[in-house]
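This is a predicted model, so every value here is computed, not measured.
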Amino acid sequence: MALEVAFSIQGVGGWIDLEDPASGYVVHKDTRAQQTVTWRKQEVTSAYVEGAFVNEAVREVIVEPLIVYVKGDTILELDQRVTALTDALSQLQFEVRAQLGNLRETWRCTVADYTIETTQEYLHATMATVRAQVPRQPTVVKEEVVA
């Protein structure tokens with residue numbers, strides 16, 4: 001049984017399905033390969049005790065790698081699809097939905113850094129890779145997807 005995977009991003013004009021080859025988007029397998037959590041801590045030290053003690057701690061913003069293959073039948077179509085995706089990543093606030101099997105997560109995100117790579121010189125290509133570092137809030141809405 002294959003694991004069902006789905007990703008979508010809240011674009012300027014509506015949701016963009018990032019796991020839909022017919023629409024020209026496919027998410028790279030390394031997208032959820034690693035997750036790093038860091039903490040913003042307040043530590044207490046004293047001249048009378050060894051080490052430091054954490055007094056308060058909250059999770060910091062988590063940066064998720066999002067790698068998407070974008071394909072178009074023409075250079076114009078590729079450009080339109082890349083622009084739709086990068087416009088979504090450039091919003092001050094947006095959401096990403098990630099579904100892995102029967103688990104769907106909804107992330108609240110902020111403007112993301114990204115690079116665009118093409119396979120041909122001078123951007124004369126019909127396929128590109130958009131690699132984004134998407135900052136998201138640590139709190140995620142998780143829900144079960146019933147088939």
Side-chain angles (χ1 to χ4, degrees), residues 1-44 52-147:
M1 180 174 152
L3 177 67
E4 182 179 345
V5 177
F7 280 86
S8 56
I9 187 169
Q10 186 179 23
V12 176
W15 286 91
I16 301 170
D17 186 357
L18 299 179
E19 194 60 48
D20 182 14
S23 295
Y25 299 101
V26 176
V27 174
H28 188 277
K29 66 179 181 65
D30 287 344
T31 293
R32 291 301 308 261
Q34 179 180 358
Q35 181 183 28
T36 302
V37 176
T38 57
W39 293 85
R40 189 172 47 230
K41 302 178 231 174
Q42 180 181 37
E43 294 182 340
V44 177
F53 297 92
V54 176
N55 190 25
E56 294 180 12
V58 294
R59 287 180 292 173
E60 191 57 80
V61 168
I62 296 169
V63 178
E64 294 278 1
L66 178 63
I67 307 163
V68 181
Y69 294 122
V70 184
K71 184 168 180 4
D73 291 332
T74 65
I75 297 171
L76 175 62
E77 188 175 61
L78 173 66
D79 182 69
Q80 291 170 335
R81 290 176 177 168
V82 168
T83 299
L85 178 55
T86 57
D87 284 352
L89 294 168
S90 299
Q91 298 176 102
L92 293 180
Q93 294 183 11
F94 60 93
E95 290 185 349
V96 171
R97 290 186 186 143
Q99 181 178 333
L100 303 169
N102 67 338
L103 171 66
R104 181 186 305 140
E105 297 181 348
T106 303
W107 311 337
R108 296 208 38 93
C109 306
T110 60
V111 63
D113 296 328
Y114 59 85
T115 59
I116 302 167
E117 303 168 4
T118 58
T119 56
Q120 300 290 321
E121 299 174 341
Y122 307 114
L123 298 178
H124 294 289
T126 56
M127 186 172 152
T129 305
V130 177
R131 296 177 186 274
Q133 298 296 319
V134 180
R136 71 165 176 84
Q137 295 300 319
T139 303
V140 173
V141 175
K142 295 184 180 192
E143 55 192 331
E144 181 181 11
V145 177
V146 180

* Structure fact -> Rounded to the nearest 0.5 Å, the CD atom of Q42 sits from the CG atom of N55 at a distance of 5.0 Å

* **Residue pair Q133 / P65, side-chain heavy-atom distance below 4.5 Å** => yes

* Please report the closest heavy-atom contact between S8 and D17, naming both atoms and the distance. => CB-CA, 4.2 Å

* To do: Compare every heavy atom of C109 with every heavy atom of V96, then report the nearest pair and how far apart it is.
  => CG2-SG, 3.9 Å

* Under 3.5 Å, side chain of T31 to main-chain N/O of L66, donor-acceptor pair present? -> no

* Listed partners of E19 passing salt bridge (charged side-chain N to carboxylate O under 4.0 Å, His left out), at least two apart -> none

* Asked: Does the Y25 side chain pair with the main chain of F7, one donor and one acceptor, at a distance under 3.5 Å?
  -> no

* Quick one: are L18 and L85 in side-chain contact, heavy atoms under 4.5 Å? -> yes

* Structure fact -> Per side-chain contact (heavy atoms from CB on, under 4.5 Å), E105 is matched among K142, Q99, E143 by K142

* Heavy-atom check, side chain of E56 versus side chain of V58, under 4.5 Å -> no

* Taking all non-hydrogen atoms of both residues, which atom of I116 and which atom of V82 are closest, and how far apart? -> CD1-CG1, 3.7 Å

* Asked: Got F94 and V12 here, is their nearest side-chain heavy-atom distance under 4.5 Å?
  -> no

* To do: With rounding to the nearest 0.5 Å, note down the distance linking CZ in R97 to CD in Q10.
  => 8.0 Å

* Structure fact -> Smallest heavy-atom separation, R81 atom then G72 atom, equals NH1-CA, 3.8 Å

* Please name the pair of heavy atoms, one in A128 and one in L78, separated by the smallest distance, quoted to 0.1 Å. => N-CD1, 3.9 Å

* **Distance (rounded to the nearest 0.5 Å) between E60 CD and Q137 CD** => 9.0 Å

* **Side chain to side chain, V130 and L89, heavy atoms closer than 4.5 Å** => yes

* Any E95 side-chain heavy atom under 4.5 Å of W107 side chain -> no

* **Contact list for residues 84-94, test side-chain hydrogen bond (donor to acceptor under 3.5 Å, both in side chains), sequence neighbours left out** => Q93-R108

* Structure fact -> Nearest heavy-atom contact between T36 and Q34 is OG1-NE2, 3.8 Å

